[in-house]
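I have placed the structure first, in the form of structure tokens, so that the comments after it can refer back to it.
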Number of protein chains: 2
Amino acid sequence: MAVTIKDVAQLAGVSPSTVSRTCKDHPSISEETKEKVRQAMQKLGYEPNFQASNLASQNSRTIGIVLPPSARETYENSFYLEAIRGISSFCNQKQYINTVVTGNTEEELLSVIKTMSRSGQVDGFIVLYSKQDDIVINHLYNEGFLYVLIGKAYQNINQTIYIDNDNILAAQEATEHLIKQGHKKIAYLGGDNSLMFSADRRAGYQLALTMNGIAINPDYCQELPFKKKDQIKAINQLLSSDDRPTAIVVCDDILAFTLEDICEELKLSIPKDIAIVSFNNSLIAKLATPKLTSIDVNSYQLGIEAASQMINHIENPNLMATKIIVPHHLVVRESSSLDR
Amino acid sequence: MAVTIKDVAQLAGVSPSTVSRTCKDHPSISEETKEKVRQAMQKLGYEPNFQASNLASQNSRTIGIVLPPSARETYENSFYLEAIRGISSFCNQKQYINTVVTGNTEEELLSVIKTMSRSGQVDGFIVLYSKQDDIVINHLYNEGFLYVLIGKAYQNINQTIYIDNDNILAAQEATEHLIKQGHKKIAYLGGDNSLMFSADRRAGYQLALTMNGIAINPDYCQELPFKKKDQIKAINQLLSSDDRPTAIVVCDDILAFTLEDICEELKLSIPKDIAIVSFNNSLIAKLATPKLTSIDVNSYQLGIEAASQMINHIENPNLMATKIIVPHHLVVRESSSLDR
DNA sequence: TGAAATTGTGCAAACGTTTGCGCAAAAATG
DNA sequence: CATTTTTGCGCAAACGTTTGCACAATTTCA
């Protein structure tokens with residue numbers, strides 16, 4: 001049997017409560033006694049029992065991490081693992097634990113989340129996506145259960161805690177980067193616009209055009225379908241049109257990679273005929289030929305900040321909802337720049 | 001305050017113990033009573049308190065997931081997220097939770113693992129890698145703490161539980177696939193051989209050659225350095241030698257991708273001049289040009305099986321150590337086959 | 001029909017903490 | 001020096017389960 005608070009108390013010649021208070025550095029224990037207790041703890045290799053401590057203080061010191069319900073493809077994006085690593089790393093430091101929640105459908109997720117919250121398995125959830133009309137997010141909101149979004153909230157914006165990049169600004173910068181290279185015919189390829197990041201990036205793209213006096217061409221602004229085949233078809237169509245764009249902002253490296261492939265097939269040279277800027281700065285951006293200019297969104301730090309906010313709100317329940325903006329930066333590579 | 005076992009007991013007109021036993025479907029409670037209790041639980045939306053239950057039954061229903069201590073690049077491999085998803089999914093079903101442990105160095109990992117095990121935060125660890133002389137694995141072994149390896153154990157093989165692919169067989173099949181295409185000059189590019197999977201794949205490669213009467217050329221069998229620059233140098237050297245191989249087995253898709261790049265630079269056509277087979281069947285294999293023939297190792301299922309074994313051993317502590325071999329399969333694509 | 005075995009349920013003591021409250025002893029105050 | 005205040009610590013009751021044991025009620029058996 002592991003060493004308990006009583007063993008320490010006995011060795012130090014104090015009561016269990018004193019030991020407990022020493023652990024939390026409670027001010028009403030004299031430094032002298034604390035030292036005595038600490039030595040006893042050290043000697044016995046004492047570590048407070050997590051379950052007992054949680055039961056007594058009515059919390060779980062556990063954070064749920066919700067992956068988007070989705071097909072396998074999505075997860076190839078290294079964004080998720082990096083965010084998880086960030087969260088874990090912060091949790092490890094703060095003596096919290098975290099648990100990944102995953103499911104194929106929203107319903108599956110929801111049911112796991114319901115039992116987790118009811119049984120007190122977690123103190124809150126970090127949701128690794130933000131999407132309109134998502135039943136999971138809606139449920140958490142309606143129940144008043146603590147959650148943090150990675151991505152921008154789409155409703156109840158002032159009441160929800162979220163960590164995000166400034167995707168509008170990022171896309172704006174990406175677009176302006178292309179404009180500076182002399183491009184005027186710039187397209188945007190996005191994914192499902194009910195996902196907040198995709199919608200925001202589109203908005204930033206449009207903003208940049210407007211601010212630079214470039215008219216928005218609706219044909220240039222595409223919400224690509226989910227299936228890869230249909231994506232390829234749509235891209236092919238865009239690139240074969242008479243009024244072909246000379247530069248494209250793409251919402252994701254993986255998609256940009258596919259785009260590069262199509263360009264090659266169509267004998268369009270990158271960046272000469274088509275310049276590309278994309279998002280995430282994942283390994284794929286570095287491996288692609290030509291290498292992709294990409295906006296790094298600091299997914300690891302998104303995770304860190306999310307965990308930090310979460311723990312902050314767990315420990316101070318009446319804190320107001322905060323929004324955190326994590327910086328991004330443009331990494332210029334071959335796909336957008338002739339002079340490099 | 002959430003609904004407790006006492007509330008249910010009161011509503012059902014029984015004692016708390018009866019409710020508890022009903023939850024576990026204890027045989028000594030009559031079906032009649034159970035039904036009554038179940039209705040009460042239903043009505044109140046009761047969910048047993050996780051912390052209290054764990055404290056009373058002296059476990060944590062929590063599994064630690066240990067990521068390899070490493071630089072960022074490693075994690076781009078979708079293997080890890082898939083394994084985590086597998087573990088999570090199984091845990092979610094079984095009402096277990098899981099917590100990711102990550103750190104930049106072995107020491108950092110070790111310290112987190114030590115406090116986690118001492119404080120009873122976890123019942124066991126699933127280690128997502130297997131490496132020789134790893135201080136984390138050694139610590140777990142020496143302390144007699146429950147752990148499951150994903151990858152082959154390198155020592156105390158009969159006392160450790162591990163989940164693995166048959167990497168020897170897989171590499172053998174990969175190599176034989178190349179031999180069947182008429183190749184005789186086949187090279188192997190591996191990573192750090194202290195990582196079990198890399199060593200095994202090399203062994204399988206050599207076995208296939210031997211069994212097919214092909215002499216092993218030491219120059220063909222390379223353990224590539226960690227830094228990308230050095231990797232490129234080594235590969236360039238291999239491909240520029242007078243006695244250039246005509247086919248290569250590569251231990252990882254990412255590395256194979258780099259290899260493709262170098263081939264293109266050297267104007268070597270794939271698969272005509274160089275055929276390639278690699279491992280993991282990640283998105284990158286499908287996106288590469290030409291698409292990579294790759295061995296799918298079923299990382300999601302590796303996770304599932306690991307979690308399953310873990311829970312099995314938590315609940316039956318005197319079970320013997322099992323080894324689980326998860327099937328792989330060769331996915332043939334353009335990089336190895338002219339006739340497709 | 002009475003004793004023994006079986007069945008179904010409840011009592012109460014754990015599990016290892018946290019924390020409000022009480023109470024000595026020490027320090028400060030007049 | 002008596003009184004009040006402060007300081008430092010311990011007592012004991014929670015927290016919500018699980019589970020060994022006791023025991024009444026029922027069934028089985030001789």
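Protein chains get the first letters and strands the later ones, always in sequence-line order, with residue 1 at the start of each. Remember, it's a predicted structure, so these values are computed and weren't measured experimentally.
Rounded to whole Å, the distance from CZ on Arg118(A) to P on dG16(D) is 17 Å. Separating the CG atom of Asn54(B) from the C1' atom of dT17(C) is a distance of 14 Å, rounded to the nearest angstrom. For the pair Glu32(A) CD and dT7(D) C1', the computed distance is 13 Å after rounding to whole Å. Note: CG (Asn59(B)) to P (dT17(D)) measures 15 Å, nearest angstrom. Rounded to whole Å, atom C1' of dG16(C) lies 10 Å from atom CD of Gln51(A). Rounded to an integer number of Å, the gap from Met41(A) CE to dT17(C) P is 11 Å. The nearest whole Å value for the distance from the CZ atom in Arg61(A) to the P atom in dT18(C) is 10 Å.
The side chain of Leu55(A) approaches dC15(D) more closely than any other nucleotide in the set dC15(D), dT9(C), dT17(C). Residue Asn49(B) places its side chain closer to dT17(D) than to any other of dT17(D), dG10(D), dT17(C). Listed nucleotides: dG8(D), dT17(C), dG10(C). Nearest to the side chain of Ser53(A): dT17(C). Side chain of Ser17(A), nearest nucleotide from dA12(D), dT17(D), dC15(C): dA12(D).
Nearest-nucleotide assignment on DNA chain C puts the 5′-proximal partner with Lys34(B), out of Lys34(B) and Ser57(A). Each of Ile29(A) and Lys6(B) was assigned the nucleotide of DNA chain D with the nearest heavy atom; the assignment lying further toward the 5' end belongs to Ile29(A).
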Between protein and nucleic acid, restricted to nucleotides 23-27 of chain C and to nitrogen or oxygen atoms under 3.5 Å apart, what atom pairs and distances do you find?
none

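Tyr141(A) and Tyr147(A) have perpendicular rings, their planes meeting at more than 60° on a 0 to 90° scale where under 30° would count as parallel.
In the region residues 19-27 of chain B, proximity to DNA chain C at under 4.0 angstrom, judged on heavy atoms, holds for Arg21(B).
In this model, the phosphate group of dG10(D) is approached by a side-chain N or O of Thr18(A) to a distance below 4.0 Å at OP1 or OP2. Note on Gln58(A): a side-chain N or O is less than 4.0 Å away from OP1 or OP2 of dG16(D). Residue Thr33(B) places at least one side-chain N or O under 4.0 Å from the OP1 or OP2 atom of dT9(C). In this structure, Ser30(A) reaches the dC9(D) phosphate: one of its side-chain N or O atoms is under 4.0 Å from OP1 or OP2.
For CD of Glu106(A), the number of neighbouring non-hydrogen atoms (other residues, nucleotides, ligands) closer than 6.0 Å is greater than 12. Annotation: Gln301(B), atom CD; neighbour count of heavy atoms from other residues, nucleotides and ligands within 6.0 Å is above 12. Within 6.0 Å of the NZ atom in Lys323(B), the count of heavy atoms belonging to other residues, nucleotides or ligands exceeds 12.
Interface remark: the Thr4(B) side chain does not form any donor-acceptor pair with the dC15(D) base, using a distance-only criterion of under 3.5 Å.
Between Cys23(B) and Met41(B), the shortest heavy-atom distance links the atoms SG-SD, 3.8 Å. Nearest heavy-atom pair across Leu55(B) and Ala52(A) is CD1-CB, 3.7 Å.
A donor-acceptor contact shorter than 3.5 Å links the side chain of Arg61(A) to the backbone of Lys94(A). Side-chain N or O atoms of Ser111(B) include none that pairs as donor or acceptor with a backbone N or O of Leu109(B) at under 3.5 Å.
Within the 4.5 Å cutoff, the side chain of Ile97(B) has heavy atoms near those of the Ile97(A) side chain.
A salt bridge links Glu31(B) with Arg38(B); the closest basic N to acidic carboxylate O contact falls under 4.0 Å.
Contact annotation for Phe50(A): no contact, since no heavy-atom pair falls under 4.0 Å across all strands.
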